Number of protein chains: 2
Amino acid sequence: MDTSSPPRMETLSQGIADKLVRDITSGDLPQGSKISEPELSRRYGIGRGPLREAILRLEGMGLVIRAPHVGARVVTLTRTELSEIFAVREALEGMAARLAAENMTDQELGELEQLLETHAAYIEEHQGQAYIDQNGDYDFHYRIITGSRNQRLIRSLCDELYHLMQMYRKNSGSRTRPEQALFEHQMIFKALKDRDGELAEMLMRRHIGQARREIKQFIEPEQQ
Amino acid sequence: MDTSSPPRMETLSQGIADKLVRDITSGDLPQGSKISEPELSRRYGIGRGPLREAILRLEGMGLVIRAPHVGARVVTLTRTELSEIFAVREALEGMAARLAAENMTDQELGELEQLLETHAAYIEEHQGQAYIDQNGDYDFHYRIITGSRNQRLIRSLCDELYHLMQMYRKNSGSRTRPEQALFEHQMIFKALKDRDGELAEMLMRRHIGQARREIKQFIEPEQQ
DNA sequence: GATCTAAGTTTTGTTTACAATCTTTATTTT
DNA sequence: AAAATAAAGATTGTAAACAAAACTTAGATC
């Protein structure tokens, strides 16, 4: 009858997995850290079974890598790997933008426009400070991704790639140019409003590809 | 003493996961089947722990869905979901083709050309029989995907989406037109050989989008 | 002094047992 | 008779104990 009094502790392993994701994306568990089962088991006060399941789940998200009989470590993103992630994002979010142009409702478009106005006001007020870094940028992209109505696309981008991006941002400061990003967002929005999927995809790909090329520039000096 | 008679049983859960993948993609475990832990535990003669880990892994691949306290079932692909998968494939393999045009070695291109000649000979000999259905088509796509040199792309496509496609094919007969597919493959190969990434991507997307549109045609009569 | 070897310790992989939840079945009531 | 409730059965979630593998440390030999 009343199943709501326990405040929805879905399942232990799920809860631990979420906590681990937060700890990793927040930088609390830095890149390359060992995920020791006994230690975390003691720290969180749970058995090793649910913990292992949580780690398995993180492995599925690509946040940790496991070697048999050796254990799990938080994945270390080299710039090369980050560049690879951006290539996937470029392909996937480009497709998402194309589909969103077909499938987003007028109401969703209105809310997206409002979001952009908020961003514009904030940037003007704060003289181009990098507010977008935190959540604003993700908000914009998130709405378009969900607007694609493609569940698999949504899952790949929001449940897997986004966490990796978040992690990298915490571990290595990333600077963006808010005004430039905002303008690109506005162009993408215009294409969506015009229901021009082809243009929306092209603009989104350029928007993301921009960041990818910036990363790629710094690869040669660092590695090899 | 003798640990070599089981030929490289890396870890139990890994082995069980592979076996389950085979059983699902081969159609032995059809869509929607219940994955009962006690039953499979007895059938395979292992404890429930490794089995659960294997199921977790399959969930990460998207082959099964789990409901808390209810259990796991083999995922049932509706045509809508299959269409969604093709949209993701279109985006991802398009990008793979673009990158492959930049990164494949001349030797790899030579082997790919040989593969196409084999296909052509087979089709001519067997009067357009659907040999490509089995492995030939995948061979071609697989080589291009790995030619992208993007590990994340490779993993998404080969470890996740491919299994789902395989499963669907087993459960519902899919007819292809081998000659048409071969010609499209040859065009894509030409673009790769010319190192024309943009054209390769476009052709690959059309090649896959073709199948997507065919599926989409059959959605309305079936659902809604 | 450095390197190889071997024993010890820690960690992971696996099994077994227990508790909580859900599904099913049978009974009762309207 | 149909629907709702309650009890029984089965299944999943969790914890604790055991076995095997890997890393570490100490010792011996070159």
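Convention: sequence-line order gives letters A, B, ...; per-chain numbering from 1. Note that the structure is a prediction, hence the values are computed from the model and not measured.
Distance CG (L56(A)) to P (dG13(D)): 14 Å, rounded to an integer number of Å. We find that CD of E53(A) is positioned 14 Å from C1' of dG13(C), with the value rounded to whole Å. Taking atom CD1 of I35(B) as the reference point, atom C1' of dT11(D) lies 14 Å away to the nearest angstrom. I46(A) has its CD1 atom 14 Å from the C1' atom of dA16(D), to the nearest Å. Per the geometry, CZ belonging to R42(B) stands 16 Å off C1' belonging to dT15(C), to the nearest Å. For the pair R48(A) CZ and dA15(D) P, the interatomic distance rounds to 13 Å; values are reported in whole Å. Distance H69(B) NE2 to dT12(D) P: 11 Å, rounded to the nearest Å.
A salt bridge does not link R152(A) to E84(B): none of the charged nitrogens lies less than 4.0 Å from a carboxylate oxygen. A salt bridge links E108(A) with R149(A): the closest approach of a Lys/Arg side-chain nitrogen to an acidic carboxylate oxygen falls below 4.0 angstrom. A salt bridge links R169(B) with D137(B); the closest basic N to acidic carboxylate O contact falls under 4.0 Å.
Contact annotation for L51(A): no contact, since no heavy-atom pair falls under 4.0 Å across all strands. Within the 4.0 angstrom heavy-atom criterion, only backbone atoms of the sugar-phosphate kind lie near G71(B); the bases stay farther away.
Of the candidate nucleotides dG13(C), dT12(D), dT14(D), dT12(D) has the atom lying nearest to any side-chain atom of E37(B). In this structure, of dT14(C), dT11(D), dT15(C), it is dT14(C) that holds the atom nearest to the side chain of T11(B). Listed candidates were dT12(C), dC22(C), dT14(D). Nearest to the side chain of L12(A) is dT14(D).
Just one residue in the list R66(B), R73(B), R52(B) forms a salt bridge (Lys or Arg N to Asp or Glu O under 4.0 Å) with E59(B), and that residue is R66(B).
DNA chain D is contacted by both R52(B) and V70(A); R52(B) maps to the nucleotide lying nearer its 5′ end (nearest heavy atom per residue).
Phosphate contact (OP1/OP2 of dT12(D), side-chain N/O of K34(B), threshold under 4.0 Å): present.
The base of dG13(D) lies outside donor-acceptor range of the side chain of R66(B), with no N or O pair under 3.5 Å.
Put simply, the side chain of S148(A) never gets that close to the backbone of I144(A): no donor and acceptor are under 3.5 Å apart.
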